[in-house]
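Structure record follows, encoded as structure tokens.
Below, all heavy atoms of this structure are taken into account, side chains as well, without hydrogens, waters or symmetry copies. All residue numbers refer to positions in the sequence shown, counting from 1.
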Amino acid sequence: MQFTGLHHVTAISARIQANYQFYTQTLGMRLVKRSVNQDDVSAYHLFYADAKGSPGTDLTFFDWPVPPEQRGGRSITRTSLRVAGPAAIAWWWQHLRDLGVKVGEPAESDGRLTLAFEDGEGQRLALVDDGGVGSAYPWEHSPVPAAYQIRGLGPVMLSVPELAPIDVLLTKALNMRLVRDYAHPDDARSTVHVYAMGEGGPAAELHLAVQPDLPLAHQGAGGVHHLALRTPDDAYDAWAQRLRALRIPNSGKVDRYWFRSLYFHLPGGILFEIASDGPGFAVDEDEATLGEKIVLAPFLEPQREAIVAKLKPLS
């Protein structure tokens, strides 16, 4: 049993119209599912991804009117997005600067050319050169040239106060591998430990920064709510059985309609999800028109009129 990589990262926005503009226009990602939080139907749940909405390419947002995140430890601190080659990093650096986005300088981090930046709410992101390895599905209507488009999720950085209890969970229960360490690019006193899943590589890594002196983060707008690990459909039930057998507290099986989920917390509180590849976002929409209308899971359809009436228009 091996995860094949990251499935999605879900973050929080208090300004969903600006969020929609930034991720579709500035970053050129495709809105592949326009839905609601199934546990809080007053809030949008927007899914940005590649042209097909492929597992492993989704950056999603809950629309919650909450204060900004208070940054600190025991949290997910940066989400990477993969692009192909130094020319792509150079293009993005100029593009983001031209649009007034808060962006750093291209720099090598963990042996990969990386460009750190933030969205308008302070969501910490980075573009990482993945060498063009693996499949990519550019969106033909993106304002970003196909060669430079975001190909999917890259390594996700977590800040933790100590490594040992999380290492046991990741390696013994979740079958990940500690493959290397490197100095934190923004905190020379901290070491980052890289855990790989499946075949490894930038689409299948967690980067854990040990930072015991940081205050506890408080979740809010511009922060990350949880990250999901990707499993083939035929291994989903086995993961549910494994968590139960190891007595790891978890949500039990949750059917999100487009994928199936299991939720649990790392020691210290960071929320993780195990998500199946299928059935996928095209199960209830034509691939050509993904994300163009509000779509609800079948169990919410009887409430459609009331749910939609409370949502903000997006344009």
Side-chain angles (χ1 to χ4, degrees), residues 5-6 8-11 13 15 17-32 46-54 56-61 76-157 182 184-186 192 194 201-207 209 222-224 227 291:
L6 298 162
H8 65 267
V9 171
T10 295
S13 173
R15 304 204 303 263
Q17 174 63 44
N19 176 278
Y20 172 69
Q21 290 291 329
F22 183 85
Y23 287 91
T24 60
Q25 298 303 307
T26 301
L27 296 192
M29 301 177 77
R30 185 182 186 186
L31 179 65
V32 295
L46 303 185
F47 295 74
Y48 306 106
D50 68 2
K52 294 178 175 291
S54 307
T57 70
D58 305 337
L59 182 55
T60 91
F61 286 87
I76 298 166
T77 58
R78 193 174 297 274
T79 301
S80 297
L81 304 167
R82 295 179 289 108
V83 296
I89 294 289
W91 184 90
W92 277 103
W93 181 69
Q94 189 62 55
H95 173 69
L96 295 174
R97 280 168 52 92
D98 288 348
L99 294 177
V101 175
K102 183 177 180 180
V103 60
E105 298 285 332
E108 187 173 294
S109 179
D110 188 33
R112 299 179 183 127
L113 190 60
T114 302
L115 182 66
F117 67 103
E118 296 181 8
D119 75 4
E121 294 181 274
Q123 185 70 233
R124 287 171 283 181
L125 303 162
L127 296 165
V128 174
D129 176 11
D130 69 0
V133 175
S135 301
Y137 300 99
W139 178 35
E140 64 179 342
H141 300 299
S142 174
V144 176
Y148 303 142
Q149 283 184 35
I150 292 166
R151 294 160 47 84
L153 293 172
V156 175
M157 179 84 76
Y182 66 97
H184 195 294
D186 302 322
V192 181
V194 179
E205 291 177 356
L206 299 178
H207 290 208
V224 174
L227 68 82

Donor-acceptor check, side chain of [X] to backbone of [Y], threshold 3.5 angstrom: yes or no?
| X | Y | result |
| --- | --- | --- |
| R151 | D130 | no |
| S80 | G154 | no |
| D129 | A84 | no |
| T57 | A49 | no |

[X] vs [Y] side-chain heavy atoms within contact, under 4.5 Å:
| X | Y | result |
| --- | --- | --- |
| F61 | Y23 | yes |
| L206 | L227 | yes |
| Y20 | Q25 | no |
| V101 | F22 | yes |

If I compare all heavy atoms of [X] with all of [Y], which pair ends up nearest, and what's the gap?
| X | Y | result |
| --- | --- | --- |
| Q123 | A11 | NE2-CB, 3.4 Å |
| W93 | P106 | CD1-CD, 3.6 Å |
| G28 | S142 | O-OG, 2.8 Å |
| R15 | G120 | NH2-O, 3.0 Å |
| R30 | A51 | NH1-O, 2.6 Å |
| Y48 | T24 | CE2-CG2, 3.8 Å |

Salt bridge (Lys or Arg N to Asp or Glu O under 4.0 Å) pairs, two or more places apart, involving residues 94-103
K102-E118
How long is the straight-line distance from [atom2] of [Y] back to [atom1] of [X], given to the nearest 0.5 Å?
| X | Y | atom1 | atom2 | value |
| --- | --- | --- | --- | --- |
| S13 | D119 | OG | CG | 7.5 Å |
| Q94 | L99 | CD | CG | 10.0 Å |
| I89 | L113 | CD1 | CG | 5.0 Å |
| F117 | L125 | CZ | CG | 4.5 Å |
| L6 | R82 | CG | CZ | 9.0 Å |

Aromatic rings W139 and H141: how do their planes relate, parallel, tilted or perpendicular, breaks at 30° and 60°?
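Geometry flag for H141 against W139: perpendicular rings.
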How are the rings of H207 and Y182 set relative to one another: parallel (under 30°), tilted (30 to 60°) or perpendicular (over 60°)?
perpendicular
Could you go through L115 and V83, starting from their C-alpha distance and side-chain angles, then the distance that decides it, and tell me whether this counts as side-chain contact (heavy atoms from CB on, under 4.5 Å)?
CA-CA 10 Å; L115 182 66; V83 296; over 6 Å; no
Please say which of T79, I76, V192 ends up in a side-chain contact (heavy atoms from CB on, under 4.5 Å) with M157.
V192
Name the one of V9, V128, L127 that satisfies side-chain contact (heavy atoms from CB on, under 4.5 Å) with L81?
L127
Audit row: T26, H95, side-chain contact (heavy atoms from CB on, under 4.5 Å) steps and yes/no:
CA-CA 8 Å; T26 301; H95 173 69; 4.3 Å; yes
Tell me, please, which residues at least two apart from D110 pass salt bridge (Lys or Arg N to Asp or Glu O under 4.0 Å).
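Per chain and number, D110 pairs via salt bridge (Lys or Arg N to Asp or Glu O under 4.0 Å) with R112, R180.
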With R78 via salt bridge (Lys or Arg N to Asp or Glu O under 4.0 Å) - residues at least two apart
none
T10 vs D58, test: side-chain contact (heavy atoms from CB on, under 4.5 Å). Steps then yes/no.
CA-CA 8 Å; T10 295; D58 305 337; over 6 Å; no
One pair to check against side-chain contact (heavy atoms from CB on, under 4.5 Å): L27 and V144. What are the steps and the verdict?
CA-CA 7 Å; L27 296 192; V144 176; over 6 Å; no
